[in-house]
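Heavy atoms only: backbone and side chains are in, while hydrogens, waters and symmetry mates are out. Sequence positions, counted from 1, serve as the residue numbers for this chain.
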Amino acid sequence: MEIVFETDGPERTMEIAEDIAKDLKSGSVITLDGDLGAGKTVFSKGLAKGLGVKEIVDSPTFTVLKIYESGRLPLYHFDVYRIGDADEMYDIGFEEYLYGDGVSLIEWAGLIEDLIPENAIRINIKRNDEKGPLFRRMVITK
Ligand code: ADP
Ligand code: MG
């Protein structure tokens, strides 16, 4: 199934993510792909808000993983941009999280494609410059 959203700014992107968060279950995996600045982290903030996460959510680019436990479900927020290969993911215990109790959200998941489970919800975000600098097109596949 494929769902397409047009968003006209970061606030709308966050609202969409908040709605998606309502349907997530223990063990859900969501992947985020799209260029630098597409809005993956903005989406992540919205998803965290929708799960009821109280902490400030920012990009885990330098740490690869940030864990938030204050919401309805634990949130494992990955940014794998700096990951060189699958071994590094196993080193940080990727699988334990992916098949754990929380929701895994993975920015730049395309870089570790082989490690992504079949049942993941795939989200691709693209700038939509024809419409304007704040527009994005999000394609959700599940
Ligand atoms: P990424 O994580 O994909 O590299 P970020 O989420 O960190 O990107 O940054 C997206 C940037 O684009 C932010 O500065 C945000 O304010 C801006 N932006 C503009 N329009 C949108 C939109 N419709 N959705 C999400 N972000 C947007
Ligand atoms: Mg990001």
Side-chain angles (χ1 to χ4, degrees), residues 1-129 131 133-142:
M1 185 171 69
E2 194 176 274
I3 309 164
V4 179
F5 287 103
E6 300 276 354
T7 126
D8 60 1
E11 295 78 14
R12 179 68 191 130
T13 299
M14 283 190 61
E15 277 172 16
I16 294 167
E18 275 185 68
D19 278 348
I20 290 171
K22 290 179 190 144
D23 296 327
L24 297 175
K25 298 187 289 279
S26 174
S28 292
V29 178
I30 301 143
T31 69
L32 287 169
D33 284 286
D35 293 338
L36 203 66
K40 299 181 294 300
T41 299
V42 167
F43 182 95
S44 303
K45 287 175 195 280
L47 194 105
K49 193 175 169 200
L51 285 174
V53 170
K54 312 271 183 305
E55 299 99 311
I56 291 172
V57 172
D58 49 20
S59 179
T61 306
F62 296 97
T63 52
V64 182
L65 169 63
K66 282 188 185 168
I67 300 174
Y68 302 94
E69 313 244 27
S70 59
R72 176 171 71 82
L73 295 165
L75 174 63
Y76 313 128
H77 184 198
F78 292 88
D79 182 325
V80 301
Y81 188 70
R82 287 162 177 275
I83 286 287
D85 58 30
D87 284 349
E88 282 180 50
M89 291 305 291
Y90 289 110
D91 289 346
I92 62 168
F94 182 65
E95 284 187 300
E96 223 174 286
Y97 297 108
L98 219 60
Y99 301 101
D101 292 334
V103 169
S104 296
L105 179 62
I106 309 163
E107 297 193 36
W108 294 103
L111 297 173
I112 54 160
E113 194 57 53
D114 294 348
L115 304 183
I116 305 299
E118 288 262 316
N119 62 354
I121 300 166
R122 316 299 306 248
I123 304 181
N124 207 285
I125 312 179
K126 276 199 175 70
R127 295 182 64 100
N128 196 352
D129 290 321
K131 290 209 166 170
L134 299 182
F135 283 78
R136 303 289 189 268
R137 191 164 188 275
M138 289 180 25
V139 180
I140 303 179
T141 317
K142 53 181 175 181

So how far is it from [X] [atom1] to [Y] [atom2], rounded to the nearest 0.5 Å?
X      : Y      : atom1 : atom2 : answer
Ile16  : Ile140 : CD1   : CD1   : 7.0 Å
Glu15  : Ile20  : CD    : CD1   : 12.0 Å
Ser26  : Leu73  : OG    : CG    : 6.0 Å
Ser28  : Leu51  : OG    : CG    : 9.0 Å
Arg82  : Thr63  : CZ    : OG1   : 10.5 Å
Leu134 : Arg127 : CG    : CZ    : 8.5 Å

Heavy-atom check, side chain of [X] versus side chain of [Y], under 4.5 Å:
X      : Y      : answer
Phe43  : Leu32  : yes
Leu111 : Ile83  : no
Glu2   : Val139 : yes
Val64  : Ile92  : yes
Leu24  : Ile121 : yes
Ile30  : Ile106 : no
Asn124 : Met138 : no
Ile112 : Phe94  : yes

Open item on the list: Val103 vs Val29, test: side-chain contact (heavy atoms from CB on, under 4.5 Å). Steps then yes/no.
Closed with: CA-CA 6 Å; Val103 169; Val29 178; over 6 Å; no
Open item on the list: Keeping Lys25 on the side-chain end and Asp23 on the backbone end, is there a donor-acceptor pair under 3.5 Å?
Closed with: no
TODO: Using a strict 4.0 Å threshold on nitrogen-to-oxygen distance, state whether Asp58 and Lys66 make a salt bridge.
DONE: yes
Open item on the list: Tell me whether Glu113 is salt-bridged to Arg122, with the criterion being a basic N under 4.0 Å from an acidic carboxylate O.
Closed with: yes
In terms of heavy-atom contacts, does [atom1] of [X] have more than 12 from other residues, nucleotides or ligands at under 6.0 Å?
X      : atom1 : answer
Arg72  : CZ    : yes
Asp129 : CG    : yes
Tyr81  : OH    : no

Open item on the list: Please determine whether side-chain contact (heavy atoms from CB on, under 4.5 Å) holds for the pair Arg137 and Val4, giving the CA-CA distance in whole Å, both sets of side-chain angles, and the decisive distance to 0.1 Å.
Closed with: CA-CA 7 Å; Arg137 191 164 188 275; Val4 179; 3.7 Å; yes
Open item on the list: Between Glu6 and Lys131, is the side-chain contact (heavy atoms from CB on, under 4.5 Å) condition met? List the steps.
Closed with: CA-CA 10 Å; Glu6 300 276 354; Lys131 290 209 166 170; 4.2 Å; yes
Task: Qualifying side chain to side chain donor-acceptor pair (under 3.5 Å) pairs with a residue from residues 84-110, counting only residues at least two apart or across chains - done: Thr41-Glu107, Ser44-Glu107, His77-Glu107
Open item on the list: Please give me the minimum heavy-atom distance between Ala48 and Leu75, naming the atom from each residue.
Closed with: CB-CD2, 3.7 Å
TODO: Of all the heavy-atom pairs spanning Gly50 and Glu18, show the shortest one and how long it is.
DONE: N-CG, 3.7 Å
Task: Test log, rule side-chain contact (heavy atoms from CB on, under 4.5 Å), inputs Asp33 and Ile125 - done: CA-CA 6 Å; Asp33 284 286; Ile125 312 179; over 6 Å; no
- [ ] Check whether the ring centres of Tyr68 and Tyr76 lie less than 6.0 Å apart, and answer yes or no.
- [x] no
Task: Residues Thr7 and Arg136: side-chain donor-acceptor under 3.5 angstrom - done: no
